Peer 1: 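This is the structure I want to talk about, given as structure tokens.
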Amino acid sequence: MQLEAMYQEVILDHYRNPLHKGLREPYEGEAHHVNPTCGDEVTLRVHLAGSGRDARVADVSYDAMGCSISQASASVMSDLIIGKSVQEAMAVGDEFLALMQSRGRDVQPDEDVLEDAIAFAGVSKYPARIKCALLAWMAWKDATARALGETS
Amino acid sequence: MDLLPEELKKDFPLLRRTVRGGRPLVYLDSGATSQKPLRVLDAERGFYERHNAAPHRGAHLLAEEATEAYEQARASIARFIGADPGEIVFTKNATEGINLVAYAMSNAATAGPESERFKIGPGDEVVVSEMEHHANLVPWQELCRRTGATLRWFGLTDEGRLDLDDLDDLVNERTKIVALTHQSNVLGTVPPIKRIAARAREVGALLLLDGAQSVPHQPVDVTDLDADFLVFSGHKMLGPTGIGVLWGRRELLEAMPPFITGGSMIEVVHMEASTFMPPPQRFEAGVPMTAQAVGLGAACDYLAEIGMDRVHAHEEALIAYSLERLTEIPGVRVIGPGTTEARGGAVAFTVEDIHPHDVGQVLDELGVEVRVGHHCAWPICRRFGIPATTRATFYLYNTLADVDALADGVRQAQKFFGTA
């Protein structure tokens, strides 16, 4: 059955026991993203140490409502990028985006970069669910841009 | 039980295909769009193969035949809802029909005195309900924003019925139009239209019904409806996409300014200004969706031959059975009326501790295609404090076995996610 390929144990574990969940202070950037087709929502905060692209991601906190894929993705993402520099974290985000856009074809995801996020490879075969997996990542990019003062 | 014969399924070529690893298809998403019988596919193809031309323009043989086919379709559709063909306006879909009326009301501000009835501005009110599809909510929000009118709405009871306690306050002398669903696409609820229509009549308000979910599923006769406007979409009633209908009382259509303007809706055109055709042509600018109208005409004839009372009885049996099969599953909560009384064939539900997206994914894996999300009626989810629902919708080609597949699938989802 394809279901197991999509709902990897790693994903279900993060869904049942999400990491870094809950909104925390301090933070420099916040973003609220919704998936208008299904109503999933995430509010995400970014706390940076330092300035510019060399700043370190000191904390990512979030409050989210949605399916197992979007919840697990927020958990995996925050765990993956906390402690990295903004630049490194953006690179992970780009790798994840490429994986999601692969539609399950011709892609050799870098496991060293993606770590647990590699478990989402199966999701990329379901176009309707890709947005679920990307919701938190998009909110993070947005919140980070705000924290860096790149957008209003 | 008053079920239609299962052979009927054979009329629908798509229902023969398999999905997700060769599984038979169980299609429970007709509320989003219905599948098409051969009869409709043949009608559309036949038009293109033999009669295709632009209707209502040109004088050659094909133009005559295309015009004839287009107007025959209008007559079939009119017969289907007990209307006069002159009161049937073709639109892209129900959404466009609602926008047509909303924009005509905006346009009335600068139209002649014959449009007085449609003029709307500060101090005037528009009434909708909390169970509207976005198509029957957003155009009215926008109309109010453009004109300064006030939007008001009926709330819902916990059972998913319209709360009519403040009917007399909500619908009052300031109300210009009441726009209501004739059957909720999420809850299945069929509101007591006669009571609301009587109040609208009393205060001189217009009444528009969103029939996108009622016309395909229950007998609808506009002479018995007490409404002023009724909109519906062809693709939800076995017809093609891209064709819908706005029915309006003749005297209202005659007094209403146009929404979309251009070719074939005009009478006389000068460089400075133009005059417009009487309805329905006044509201059908541009070369219309002719083959789609022909397809919808064939769909109406097909449904009429089976009989809408039989279609309705068939669906009622399926709803009763699905309510029974779903509510016996621990953790399942049906959102909407728990009985078939004044209720159509949309069954929305939640499954404890499993997000609808995940329920839908397991069902899809089993070949059961349902809708998940807020179903373009987000305020309903807010009203019931839930993020989304899983929704099964039925049509004449569904069977009791389809309901069993749904219920079994929900149990499988619970097993998969370890909640049961």
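All values reported here derive from a predicted model rather than from experimental measurement.
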Peer 1: Answer yes if the ring centres of B:Phe417 and A:Tyr15 are under 6.0 angstrom apart, and no otherwise.
Peer 2: no

Peer 1: May I ask you to say whether B:Asp358 pairs ionically with A:Arg129, meaning some side-chain N is under 4.0 Å from a carboxylate O?
Peer 2: yes

Peer 1: Quick check for you: among B:Gly418, B:Pro356, B:Ala388, B:Pro387, which has the greatest number of heavy-atom pairs under 4.5 Å with chain A?
Peer 2: B:Pro387

Peer 1: Answer yes or no: are there more than 12 heavy-atom neighbours, outside B:Lys415 itself, under 6.0 Å from its atom NZ?
Peer 2: no

Peer 1: What's the shortest heavy-atom distance between A:Tyr7 and B:His357, and which atoms?
Peer 2: OH-O, 4.3 Å

Peer 1: More than 12 foreign heavy atoms under 6.0 Å from CD of B:Glu328: is that the case here?
Peer 2: yes

Peer 1: Just give me the residue among B:His374, B:Gln361, B:His375, B:Arg371 that pairs up with chain A most often, heavy atom to heavy atom, under 4.5 Å.
Peer 2: B:Gln361

Peer 1: Report yes if the side chains of B:His355 and A:Ile69 come closer than 4.5 Å at any heavy-atom pair, otherwise no.
Peer 2: no

Peer 1: With rounding to the nearest 0.5 angstrom, report the OG to CD1 distance, A:Ser68 to B:Ile354.
Peer 2: 9.5 Å

